[in-house]
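Residues take their numbers from the sequence shown, with the count starting at 1. Just so it is clear, the values below take in all heavy atoms, side chains as well, and ignore hydrogens, waters and symmetry mates. What you see is a predicted model; the values in this text were computed from it and never measured.
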Amino acid sequence: MKPAQYMRFGASALRMKFSPSYRVPLTINILLLNRCSFSCLYCQQDHQDPTMVPLDKLLSVLREAKTLGTQRIHLTGGEPLLHPDIGEIIRVGKEMGFFVSLTSNGLLVDAFIEDVKRLDQLQISLDGPPQVREYLCGPLAVPAIDRAFAALKQEGIRFWTNTVLTKATIPHIEWIVEQARENKAQANFVVMEAHPEAWTPDRPMPEAMKNLFPTEEENREALRTLIRLKKQGRPIGSSLSYLRELLEWEDYAKNYSSKKSRRYRCMAWQSQCELFPDGNIHLCPHTWETDRGISIYTHSFREAWERLPRPENCNSCYLSCYLESNLIFSLNIPTLWNWVKKLI
């Protein structure tokens, strides 16, 4: 972010802290499409779904979001680099003055390196050594990471790795952090999401996914390891407050809780939302299975944002982007300092 962006972002966050009714969609997480070239065992999306928001409609949303005070857009999916207009989306987002970030599986990074150069932040999925990547994501994932890392290194592009904590990845935490260090990257780790509401008797959770869920103690031991490495100065992007929140989480089979955190107040309703490939605006990933969302085809983005309901019985969660944001907006000093250092 540029200094002026920091100031606008900070001013809005400060006002949210002391005025719970004040709302600005500072961040929009845009799920460009569900399609992906991998079929990761821990992911539950329909990778063959062709649904996506047309470019003209998406750009209209961005223009309206800009007038509402949006500062950051995060492009994800599926695999966002599969979107036929990804270069134009990144270009226009940057020209509008947004902080533009993107999460990719890495397969197409070298092919889209000129577009990737424009990004403010890039995250690449890294699940461990080659044998682990092949097991979790398929054979295409093995050379993809090596090509992506080589292309990014050649262009001098800084990036982050992103790892889901599963039974397969947890034994390789130190290896992943070392890979991040060697490539001048920051390593980010997230808890494997349960989403129990997504599975029904007619659509049960796949056995392969069930077998990847760590036990409670495996999750806690992984987080203790990350805290230790973070204190040692290893390149872990997440803040200590974030890692400690995860370590203290009551039940990893539940994505969110009615209990309030002692470190932050949830400000998701005040500060961010998600645009799904079907054109529906949702508050956060917790709500997409329990509400229908508000369509940008029948409402303007402003109307969709203003109509988003407050979540019920949700005061804390373990989702990385929301948890870190809540810590920042709640003026958690260690988290603020961590992110100032990382972004600079």
Side-chain angles (χ1 to χ4, degrees), residues 36 38-45 76 103 105-106 123-138 141-142 145 160-180 186-199 203-232 234-257 259 261 263 284-286 289 314 316-324 326-327:
C36 186
F38 295 171
S39 295
C40 301
L41 297 179
Y42 50 76
C43 180
Q44 57 186 344
Q45 289 180 314
T76 181
T103 296
N105 63 25
Q123 289 194 13
I124 303 288
S125 298
L126 179 61
D127 296 293
Q131 69 274 18
V132 176
R133 298 204 297 273
E134 182 169 7
Y135 165 62
L136 289 174
C137 307
V142 176
I145 295 298
W160 292 47
T161 62
N162 191 61
T163 304
V164 179
L165 293 173
T166 69
K167 280 182 175 289
T169 55
I170 285 175
H172 304 286
I173 285 176
E174 297 214 31
W175 184 92
I176 292 167
V177 173
E178 180 59 19
Q179 289 298 302
Q186 294 289 318
N188 184 54
F189 294 83
V190 299
V191 172
M192 184 176 175
E193 296 177 32
H195 280 302
E197 72 280 3
W199 308 105
R203 183 174 174 259
M205 182 183 293
E207 286 299 317
M209 183 178 284
K210 284 184 183 179
N211 295 335
L212 284 176
F213 272 107
T215 64
E216 179 177 317
E217 186 50 38
E218 285 171 334
N219 264 327
R220 298 195 195 286
E221 184 56 35
L223 291 161
R224 283 191 284 266
T225 296
L226 290 170
I227 289 171
R228 172 176 58 82
L229 295 175
K230 177 80 173 178
K231 289 181 175 179
Q232 291 174 357
R234 306 286 285 280
I236 295 173
S238 307
S239 68
L240 275 173
S241 296
Y242 163 81
L243 295 172
R244 286 168 176 150
E245 278 288 318
L246 294 186
L247 179 61
E248 297 166 10
W249 190 249
E250 59 181 351
D251 183 356
Y252 296 105
K254 296 180 179 178
N255 304 324
Y256 61 93
S257 174
K259 292 184 178 180
S261 167
R263 293 185 179 91
C284 75
H286 296 326
E289 282 287 347
C314 181
S316 58
C317 74
Y318 62 44
L319 294 184
S320 173
C321 52
Y322 284 82
L323 178 47
E324 289 279 15
N326 282 326
L327 287 164

| request: State, to 0.1 Å, how close Tyr322 and Cys317 come at their nearest heavy-atom pair, and which atoms those are. | output: CB-SG, 4.1 Å

| request: Please report the shortest heavy-atom distance between Cys137 and Ala141, naming the atom on each side. | output: CB-CB, 3.6 Å

| field | Nearest-0.5 Å distance, CG of residue Leu165 to CZ of residue Phe213 | value | 12.0 Å

| query | What are the two closest heavy atoms between Leu41 and Met209, and how far apart are they? | reply | O-CE, 3.6 Å

| field | Minimum side-chain heavy-atom gap Cys43-Phe38 below 4.5 Å | value | no

| request: Please examine the side chains of His172 and Pro129, heavy atoms only from C-beta on, and report whether any two atoms are closer than 4.5 Å. | output: yes

| query | Once you round to the nearest 0.5 Å, how far does CG of Leu246 lie from OG of Ser238? | reply | 8.0 Å

| Any idea which heavy atoms bring Lys230 and Leu243 closest together, and the distance? | CB-CD1, 4.3 Å

| request: Tell me, please, which residues at least two apart from Glu324 pass side-chain hydrogen bond (donor to acceptor under 3.5 Å, both in side chains). | output: Ser239, Trp339

| Tyr252 versus Val191: any side-chain heavy-atom pair under 4.5 Å? | yes

| message | If I take atom CG from residue Leu247 and atom CG from residue Asn219, how far apart are they, to the nearest 0.5 angstrom? | response | 10.0 Å

| query | For the side-chain hydrogen bond (donor to acceptor under 3.5 Å, both in side chains) test, which of Asn162, Thr163, Thr161 pairs with Asn188? | reply | Asn162

| note | NZ (Lys167) and CG (Leu212) are apart, to the nearest 0.5 Å, by 9.0 Å

| message | Please evaluate residues Leu327 and Tyr242 with respect to the criterion side-chain contact (heavy atoms from CB on, under 4.5 Å), reporting the C-alpha separation (whole Å), side-chain torsions for both, the decisive distance (0.1 Å), and the verdict. | response | CA-CA 8 Å; Leu327 287 164; Tyr242 163 81; 4.1 Å; yes

| message | Does this structure show an ion pair linking Arg220 with Glu248, if we count only N-O contacts that are shorter than 4.0 Å? | response | no

| query | Got Ile173 and Thr169 here, is their nearest side-chain heavy-atom distance under 4.5 Å? | reply | no

| field | Chi angles and distances behind the side-chain contact (heavy atoms from CB on, under 4.5 Å) call for Glu178, Arg234 | value | CA-CA 8 Å; Glu178 180 59 19; Arg234 306 286 285 280; 4.0 Å; yes

| So do the side chains of Val190 and Ser320 get within less than 4.5 Å of each other, counting heavy atoms only? | yes

| task | Give a yes-or-no answer on whether the side chains of Glu250 and Ser257 include a donor-acceptor pair shorter than 3.5 Å. | result | yes

| request: Rounded to the nearest 0.5 Å, what's the gap from CG on Leu126 to CG on Asn105? Could you check? | output: 12.0 Å

| request: Would you give the length of the straight line joining atom CD of Glu174 to atom CG of Leu226, rounded to the nearest 0.5 angstrom? | output: 9.5 Å

| If every non-hydrogen atom of Trp175 is compared with every non-hydrogen atom of Arg133, which pair is closest and at what distance? | CH2-NH1, 4.0 Å

| message | When you compare the side chain of Cys284 with that of Leu319, does any pair of heavy atoms fall below 4.5 Å? | response | no

| query | Do Tyr42 and Glu193 touch side chain to side chain, with heavy atoms closer than 4.5 Å? | reply | no

| Can you find a pair of side-chain heavy atoms, one from Phe189 and one from Ile176, that are under 4.5 Å apart? | yes

| query | Do Ser316 and Tyr256 pass the side-chain contact (heavy atoms from CB on, under 4.5 Å) test, and can you show the C-alpha distance, the side-chain angles, and the key distance before you say yes or no? | reply | CA-CA 6 Å; Ser316 58; Tyr256 61 93; over 6 Å; no

| query | With no hydrogens and no angle check, do the side chains of Asp127 and Tyr135 hold a donor and an acceptor under 3.5 Å apart? | reply | no

